[in-house]
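Comments concern the structure below.
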Amino acid sequence: MGGTVSNTSYLQDLFALDGRVALVTGASSGIGRELARGLANAGAQVALSGRSTERLAAVQEAITREGGEAEAFPAELGDLAAVKRLVADVAERFGRLDILVNCAGMNQREPVADVQPDTYARIMDVNLRSPYFLSQAALPHFQAQGGGKIVNIGSLTTSYGIGNISVYGLTKSAIGQMTRVMAVEWAEQNIQVNCICPGWIETELTKPLWADPHKRGWILDRVPVRRPGKPHDLAGMTIYLSSPASDFTTGQTFYIDGGFMAGGQW
């Protein structure tokens with residue numbers, strides 16, 4: 001009996017986020033919302049960032065009902081000044097920042113030949129520039145308290161080419177390299193930087209994809225577990241990468257994809 005209690009306590013300490021502050025971008029819906037809920041349920045105080053004040057309020061209310069603690073910080077991440085202000089506001093409100101989850105992203109499906117410079121710039125700003133400079137802005141806070149965690153959200157397109165989403169794919173491929181470089185530069189400062197690449201996840205934004213019988217069939221034929229992913233399937237890895245359990249894990253890319261990247265049957 002005593003051994004069981006000891007083991008339980010050990011695991012709780014290993015994955016506990018009590019007293020830690022996490023900033024989650026893209027937290028108003030989909031994957032970001034579930035990651036924020038997971039971190040809050042693990043004990044973190046969560047700063048929720050997104051564009052929709054109304055949706056952020058709903059996520060904050062849901063987390064509070066579950067016994068967690070969260071606060072909304074609306075921000076337009078296409079605006080570099082807003083990016084820098086966001087980190088400062090969160091640190092000022094909570095007195096520290098321990099975890100940054102770069103989840104916000106956008107996409108526009110069109111072939112390379114049709115991409116306009118404005119579209120290219122907008123996707124780059126939100127998907128790549130904002131996590132880069134959010135991480136840079138978080139660095140002094142991590143240094144001041146002796147460490148920190150950054151979890152970047154990539155995609156299958158971090159290393160797998162898919163047609164008609166070239167700009168999105170460029171940003172997610174770059175997120176993988178950004179993860180590795182930041183991990184190397186900041187390792188000696190006890191800052192771990194890792195990347196989670198979701199597979200084919202069922203969210204509000206991907207409803208049209210899953211509603212298309214051809215595309216749904218193509219995906220499920222190539223996902224060994226034969227089901228769509230759910231946003232909550234990513235929460236466990238996010239908690240791990242945000243907790244003391246991952247203190248010796250950095251610069252890594254984790255595909256949470258039902259086995260898609262592993263391969264398939266003939």
Side-chain angles (χ1 to χ4, degrees), residues 11 14-17 20-27 30-44 46-47 49 77 87 90 97-105 127-143 145-160 169 171-199 201 229 231-262:
L11 288 174
L14 201 58
F15 291 94
L17 299 178
R20 304 197 180 200
V21 175
L23 167 58
V24 180
T25 68
I31 291 172
R33 176 177 58 203
E34 290 305 307
L35 301 189
R37 288 182 61 209
L39 293 171
N41 275 278
V46 182
S49 184
L77 297 184
V87 171
V90 171
L97 178 62
D98 302 274
I99 302 156
L100 171 62
V101 180
N102 286 310
C103 186
N127 292 13
L128 184 57
R129 188 178 71 167
S130 74
Y132 187 99
F133 286 103
L134 281 166
S135 300
Q136 185 188 77
L139 178 61
H141 300 283
F142 294 163
Q143 290 171 325
Q145 62 205 28
K149 305 278 187 177
I150 298 176
V151 181
N152 296 316
I153 303 303
S155 160
L156 291 177
T157 60
T158 298
S159 61
Y160 185 93
T171 63
K172 294 303 183 178
S173 180
I175 286 290
Q177 180 69 349
M178 184 185 85
T179 296
R180 290 184 286 273
V181 172
M182 289 181 176
V184 169
E185 287 194 10
W186 300 342
E188 291 185 2
Q189 300 175 71
N190 192 32
I191 298 168
Q192 291 83 50
V193 188
N194 291 286
C195 180
I196 295 175
C197 293
I201 307 295
H232 67 254
D233 288 322
L234 307 167
M237 180 60 76
T238 303
I239 292 169
Y240 163 67
L241 293 176
S242 301
S243 74
S246 64
D247 282 353
F248 198 58
T249 303
T250 196
Q252 302 304 306
T253 299
F254 298 90
Y255 287 88
I256 311 299
D257 62 358
F260 180 90
M261 293 296 288

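Given the structure is predicted, the values throughout are model-derived calculations rather than measurements.
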Check: Are N190 and Q192 close enough that a side-chain donor and a side-chain acceptor fall under 3.5 Å?
Finding: yes

Check your understanding: Hey, mind stepping through S242 and L39 against side-chain contact (heavy atoms from CB on, under 4.5 Å) and telling me if it holds?
Key -> CA-CA 8 Å; S242 301; L39 293 171; 3.6 Å; yes

Suppose we screen for side-chain contact (heavy atoms from CB on, under 4.5 Å). Which residues come up paired with [X], at least two apart in sequence or across chains?
X: A47; result: L23, F73, V90, F94
X: D98; result: R20, V21, R96, Q145
X: A137; result: V87
X: T249; result: N194, Y240, L241, S246, Q252, F254

### Task
Using modelled atom types only, decide if a donor and an acceptor are shared between the side chain of T158 and the backbone of S155 within a distance under 3.5 Å.
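Indeed, once roles are kept as given, a pair shorter than 3.5 Å links the two residues.
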
Check: Between T157 (side chain) and K172 (backbone), is there a donor-acceptor pair under 3.5 Å?
Finding: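 Absent.
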
Should I153 and L35 be marked as a side-chain contact (heavy atoms from CB on, under 4.5 Å) after you check the CA-CA gap, both sets of side-chain angles, and the distance that decides it? CA-CA 11 Å; I153 303 303; L35 301 189; 3.9 Å; yes

Contacts of F133 meeting ring-ring contact (aromatic ring centres under 6.0 Å, His included) (sequence neighbours excluded), chain-then-number -> none

Pairs of donor and acceptor atoms involving the side chains of residues 174-184, under 3.5 Å and at least two apart or interchain, shall be tabulated with distances.
residue: Q177; atom: OE1; partner: R180; partner atom: NE; Å: 3.1
residue: Q177; atom: OE1; partner: R180; partner atom: NH2; Å: 3.1
residue: T179; atom: OG1; partner: N152; partner atom: ND2; Å: 2.9
residue: T179; atom: OG1; partner: I175; partner atom: O; Å: 2.8
residue: R180; atom: NH1; partner: G176; partner atom: O; Å: 3.4

**Prompt:** Roughly how far, to the nearest 0.5 Å, is CG of L17 from CD1 of I239?
**Reply:**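 Between I239 CD1 and L17 CG, I get 7.0 Å after rounding to 0.5 Å.
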
*asked:* Go through it in stages, so that I can follow the logic: the residues are D257 and C197, the test is side-chain contact (heavy atoms from CB on, under 4.5 Å), and I'd like the CA-CA distance, side-chain angles, deciding distance and then a yes or no.
replied: CA-CA 8 Å; D257 62 358; C197 293; over 6 Å; no

Per side-chain contact (heavy atoms from CB on, under 4.5 Å), I150 is matched among C195, P131, S135 by S135

Heavy atoms of other groups near F15 CZ, more than 12 under 6.0 Å:
yes

